[in-house]
Amino acid sequence: MATLSSTLTLYFSFTLLCFNLISASFSPLDHYLVNCGSPEHSTVDFDHRRFTGDVSDSTASFLTSTESISLADPNPCPKSSPIYHTARVFTRPSKYKFVIKNPGMHLVRLHFRRLRGSLDFSNAKFHVLANGFVLFNSLSVEMGDDFEIVKDYVIGVDSDVLVITFVPSEKSNFAFVNAIEVISTPNDLMADVAQYVSFDKKEQIHGLLKSGFETIYRVNVGGWKVTPFNDSLWRTWVTDDEYLKSDDGSSKVHFGGRINYQEGGASREVGPDNVYNTARVIRSSGNSIPELKMTWTFPVTKGYKYLVRMHFCDIASIARGMLFFNVYVNNNLAYENLDLTEVTNRLLASPFYADFVVDGDSSGVLTLSVGPSNMSLPHAVDAILNGVEIMKINNSVGSFDGKICAHAVLKSWKRGNGNVLYPVLAAVFMLLMAFVIMHRRRTGVTDSVAWWRLPTEIPEVNLKCGNQLSSNKL
């Protein structure tokens, strides 16, 4: 029993030490964690992060809307994080405003999970805007009781305030959110330049920091799921099994040594240890080089460009200068004869990442591959991959979901939620008039057509609501 107690004490001490080291490695100047709809001053989630309730006095300034509802799940699932036990519901466009001390790229995470109760969450069709970007457009949160959605973005903020706006798509529906994160990123997280790869050309693209990014996939290749507790930017990395097209001839490797992060190279904020100390590899066991590639496929939305970040760290070679391989994006050669020791100052177990921009073509699938090159050596590792991130880049109107811009979303809400009775009545009146005229022509009636009066039984409350809605300012 004493041995068990000592072991548990050592385990929890080690876990706490790891958490403190992770927390101390990056301290963002802007760091807002909001538990929406919660009256509690603070709530600790499953990853030991402290969220502040938006009902408390200290954060009342975040929420600028006075027309919202705070909901709490009467019977919350014990397996779900406490941040999903409450929600903020909006029936008209409403804003959260966050003071920005460190202008630049910021992480924005939105958490959604339907609550149990009388409210029908199938009617929650809404848009979310952030500083001119349409994060998603008319999203219908169709989820089960035990299903959570986390929307993850990196967007630039060049002002002293970040505004996140929730807009119901129809008057009869509503918007909601369970939790919001706004975190300033390290300067080295996003690069301004990447290699554009297509079937007919490769060229450098500049000015990426003017764009926004939505994380679609974040994958730990060859390893286990990485939770926010083990990532200094509180990200989740899933396993690659679902996306691996074929694992014939490849194997997983795990590394128990120290990852050699270098100044100017990939940092722990770019990729944590738990991503770089696992990988999938192709290894030749004899004098011949395997004629195969490891390939992963990812469903994507066509019509967008994507930033593909591939993470590499040679944790499998027994000596420097023995690993050479090719990298393919959408079956196009993106990197030929990649030598990791050359790009990491001739160090093993030193991380390196490469950014590529590709088009989401009509196939709806993005394909990534690594395989041996004409410089690969026998009795050596002939290809490796440690991690993958795929981020959607906003389109020309600043949207990640459709071709409607933020201004049009707000404008359409005003128009769509005014009194639509008059246009409908006018259309019905014109149809009736056309029917009467055609009928009289067919029957030979030449008498003048009597003018019909518009219906007078229009509820007064509708007229008042229409006037009020059309005059309100957002």
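- Closest approach of Met105 and Gly156 over heavy atoms only: SD-CA, 3.6 Å.
- Under the 4.0 Å criterion applied to side-chain N and carboxylate O atoms, Arg280 and Asp241 are assigned as salt-bridge partners.
- The side-chain heavy atoms of Tyr217 and Leu366, taken from C-beta on, include no pair separated by under 4.5 Å.
- Here the closest non-hydrogen pair linking Arg109 and Ile183 is NH1-CD1, 4.1 Å.
- Between the side chains of Ser350 and Thr344, not a single donor N or O lies within less than 3.5 Å of an accepting N or O.
- Atom-to-atom distance recorded for Tyr153:OH and Thr215:OG1 is 9.5 Å, nearest 0.5 angstrom.
- A salt bridge between Lys302 and Asp361 is absent, with no side-chain N of the basic residue lying under 4.0 Å from a carboxylate O of the acidic one.
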**Study point:** Evaluation steps, ring-ring contact (aromatic ring centres under 6.0 Å, His included), between Phe176 and Phe121
**Key:** CA-CA 9 Å; Phe176 80 99; Phe121 278 81; 4.8 Å; yes
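- For the pair Val134 and Ala406, the tightest heavy-atom approach, listed with the atom from each and the gap, is CG2-N, 3.4 Å.
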Check your understanding: Step by step, would you call Val329 with Thr367 a side chain to side chain contact (heavy atoms under 4.5 Å, CB included)?
Key -> CA-CA 6 Å; Val329 179; Thr367 302; over 6 Å; no
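- When only modelled atom types and interatomic distance are considered, His85 and Ser80 share a side-chain donor-acceptor pair under 3.5 Å.
- Two residues are said to be in side-chain contact when any heavy atoms from C-beta on lie closer than 4.5 Å; Ser38 and Thr43 meet this criterion.
- Taking the six-membered ring for Trp, Phe112 and Phe136 have ring centres closer than 6.0 Å.
- In this structure, the side chains of Phe46 and Pro228 stay at 4.5 Å or more apart for every pair of heavy atoms.
- The cationic atom of Lys392 (NZ for Lys, CZ for Arg) does not lie both less than 6.0 Å from the six-membered ring centre of Phe400 and within 45° of the ring axis.
- No side-chain heavy atom of Phe62 sits less than 4.5 Å from a side-chain heavy atom of Thr52.
- Ring pair Trp234/His31: centre-to-centre distance below 6.0 Å.
- Between the side chains of Tyr96 and Asp54, at least one donor N or O lies within less than 3.5 Å of an accepting N or O.
- Under 4.0 Å is where a charged nitrogen must lie from a carboxylate oxygen, and between Arg218 and Asp152 at least one such pair does.
- The closest side-chain heavy-atom distance from Ile164 to Phe98 is below 4.5 Å.
- In the model, Asp240 has a side-chain atom that pairs as donor or acceptor with a side-chain atom of Trp296 under 3.5 Å.
- Taking a 6.0 Å sphere around CG of Asn187, one finds it holds 12 or fewer heavy atoms contributed by other residues, nucleotides or ligands.
- Judged purely by distance below 3.5 Å, without hydrogens or angles, the side chains of Asp192 and His206 never pair a donor atom with an acceptor atom.
- Tested against Phe90 for a ring-ring contact (aromatic ring centres under 6.0 Å, His included), the candidates Phe174, Trp413, Phe166 yield a single pass: Phe166.
- Under a 4.0 Å N-O distance rule, the pair Asp359/Lys305 qualifies as a salt bridge.
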Exercise for review: Please lay out, stage by stage, how Asn35 and Thr86 fare under the test side chain to side chain contact (heavy atoms under 4.5 Å, CB included).
Suggested key: CA-CA 8 Å; Asn35 188 11; Thr86 60; 3.3 Å; yes
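- Val197 approaches Phe356 most closely through the heavy-atom pair CG2-CD2, 3.9 Å.
- Residues Val167 and Leu410 meet the side-chain proximity criterion, which asks for heavy atoms closer than 4.5 Å.
- Distance CD1/Ile83 to CD1/Ile180: 11.0 Å, rounded to 0.5 Å.
- Here Asp273 contributes atom CG and Phe255 contributes atom CZ; the two are 10.0 Å apart, rounded to the nearest 0.5 Å.
- Considering every non-hydrogen atom in both Lys245 and Thr297, the closest pair reads CD-CG2, 4.1 Å.
- No side-chain donor from either of Asp45 and Ser81 sits under 3.5 Å from a side-chain acceptor of the other.
- Side-chain atoms of Arg268 and Ser232 form no donor-acceptor pair, as typed in the model, at a separation below 3.5 Å.
- Minimum heavy-atom separation, Leu208 to Ala191: CB-O, 3.7 Å.
- Summarising the local packing, NE2 of His407 is surrounded by 12 or fewer heavy atoms from other residues, nucleotides or ligands at distances under 6.0 Å.
- In this structure, OH on Tyr32 lies 9.5 Å from CG on Leu162, to the nearest 0.5 angstrom.
- Two residues are said to be in side-chain contact when any heavy atoms from C-beta on lie closer than 4.5 Å; Thr64 and Ser94 fail this criterion.
- Between Asp231 and Trp237, the closest side-chain pair of non-hydrogen atoms falls below 4.5 Å.
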